[in-house]
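Here's the structure, in structure tokens; my notes come after.
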Amino acid sequence: MSRVILVLGAGGPAGRAVVKRFTDLGDTVIGVDRSGAEGCLKVDLLDLAQVRDLEARIRAEHGRVDGIFHLVGGWRGAKTFAETRLDDWADLSDLLVRTLQHVTLAFEPLLKAGDDGRFAIVSAKAAEAPTQGNACYAAAKAAAEAWTLAFADALKSSGAAASIVVVTALVHDAMRQAAPEKPFRGFTDVADLADALAGLWDLPVTEANGLRLDLTAHGN
């Protein structure tokens, strides 16, 4: 039986790679992007009512969700700590944390109702080793990780798992073409990220739940 996979942030390079990976596996893939990118449902994840409507639609049409991947991203930075803009924190808190909160709160019952579900976010090395210019970004990623681990705790008695996948940064073909001289050392290709997410089902649910999977050692 094919799985029902929800990809949030499906309009970006990482999202497209993940959609392709699970589509190739024969799964039913539902892509969501606030831009309304081709093939995606247009949903503003900052609007909890819209997220709850999305959950109700998936419940009505499919009766379940087997995988949810939160790939909503964004970056803001400064040259020095003193130049940090708290407006950047507000933006990143919304993009990286508030959207995650809305999705997990809305979809927890449906994900828990399944037999072998997976949820994952993509985090960054910056969360564990912040630099002065990355204060807002690192703090938002750390908050997203903490929220995901709390969600993992909520899933303990179910057949679902919440995981964190860690990268330094992501790279895709268009980036390489735009800067052929750049080595992108330590970056993770979006196709490798997609493979890692698909591989979460290779682990027992108890191992996948609360897992912090570090892909940085396997970067380009």
- What residue among Arg52, Arg59, Arg57 forms side-chain hydrogen bond (donor to acceptor under 3.5 Å, both in side chains) with Glu55?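 The side-chain hydrogen bond (donor to acceptor under 3.5 Å, both in side chains) with Glu55 is passed solely by Arg59 among Arg52, Arg59, Arg57.
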Looking only at atom types and distance, does a side-chain atom of [X] sit under 3.5 Å from a main-chain N or O of [Y], one as donor and one as acceptor?
{"X": "Asp27", "Y": "Arg3", "value": "yes"}
{"X": "Asp88", "Y": "Arg76", "value": "no"}
{"X": "Ser163", "Y": "Ala208", "value": "yes"}
{"X": "Lys141", "Y": "Val122", "value": "yes"}
{"X": "Ser93", "Y": "Trp89", "value": "no"}

Indicate every side-chain donor-acceptor pair of residues 41-50 with a distance under 3.5 Å to a residue at least two apart or in another chain.
{"from": "Asp44", "atom 1": "OD1", "to": "Leu46", "atom 2": "N", "distance (Å)": "3.0"}
{"from": "Asp47", "atom 1": "OD1", "to": "Ala49", "atom 2": "N", "distance (Å)": "3.0"}
{"from": "Asp47", "atom 1": "OD1", "to": "Gln50", "atom 2": "N", "distance (Å)": "3.3"}
{"from": "Asp47", "atom 1": "OD2", "to": "Gln50", "atom 2": "NE2", "distance (Å)": "3.3"}
{"from": "Gln50", "atom 1": "OE1", "to": "Asp44", "atom 2": "N", "distance (Å)": "2.9"}

Do the side chains of [Y] and [X] get nearer than 4.5 Å, heavy atoms only?
{"X": "Val4", "Y": "Ile30", "answer": "yes"}
{"X": "Leu203", "Y": "Leu211", "answer": "yes"}
{"X": "Trp75", "Y": "Asn134", "answer": "yes"}
{"X": "Val167", "Y": "Lys125", "answer": "no"}
{"X": "Leu100", "Y": "Thr104", "answer": "yes"}
{"X": "Leu215", "Y": "Val166", "answer": "no"}
{"X": "Leu193", "Y": "Leu170", "answer": "yes"}
{"X": "Asp116", "Y": "Arg118", "answer": "yes"}

I need the minimum non-hydrogen distance between [X] and [Y], along with the two atoms involved.
{"X": "Glu108", "Y": "Ala154", "answer": "OE2-CB, 3.7 Å"}
{"X": "Phe81", "Y": "Ala135", "answer": "CE1-CB, 4.1 Å"}
{"X": "Pro130", "Y": "Ala138", "answer": "CB-CB, 3.6 Å"}
{"X": "Leu197", "Y": "Ala120", "answer": "CD2-CB, 3.8 Å"}
{"X": "Ala10", "Y": "Cys40", "answer": "CB-SG, 3.7 Å"}
{"X": "Ala142", "Y": "Ala127", "answer": "N-CB, 3.9 Å"}

- Message: Just checking Arg21: does its CZ atom have more than 12 heavy atoms from other residues, nucleotides or ligands closer to it than 6.0 angstrom?
- Response: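 Counting neighbours around CZ of Arg21, more than 12 heavy atoms of other residues, nucleotides or ligands fall under 6.0 Å, so yes.
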- Glu83 atom CD, over 12 foreign heavy atoms within 6.0 Å: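 Yes, because the 6.0 Å sphere around CD of Glu83 holds more than 12 heavy atoms from other groups.
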- Residue pairs passing the salt bridge (charged side-chain N to carboxylate O under 4.0 Å, His left out) test where at least one lies in residues 92-103, sequence neighbours excluded: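 Every pair satisfying salt bridge (charged side-chain N to carboxylate O under 4.0 Å, His left out) with a residue in residues 92-103: there are none.
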- Glu145 side chain to Ser123 side chain, donor-acceptor N/O pair below 3.5 angstrom: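 Judged by distance alone, the side chains do pair up.
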- Message: Strictly by ring-ring contact (aromatic ring centres under 6.0 Å, His included), give each pair with a member in residues 13-44 just once, sequence neighbours left out.
- Response: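 Only Phe22-Phe69, Phe22-Trp201 qualify under ring-ring contact (aromatic ring centres under 6.0 Å, His included).
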- Task: Output, in order, the C-alpha distance, side-chain angles, deciding distance and verdict of side-chain hydrogen bond (donor to acceptor under 3.5 Å, both in side chains) for Thr99 and His70.
- Result: CA-CA 9 Å; Thr99 60; His70 185 276; 2.9 Å; yes
- Task: Supply the atom-to-atom distance Asp202 CG to Glu207 CD, rounded to the nearest 0.5 angstrom.
- Result: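 Here the rounded value is 11.0 Å.
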- Item | Steps toward side chain to side chain contact (heavy atoms under 4.5 Å, CB included) verdict (Phe151, Leu111) | CA-CA 11 Å; Phe151 188 42; Leu111 186 65; 4.0 Å; yes
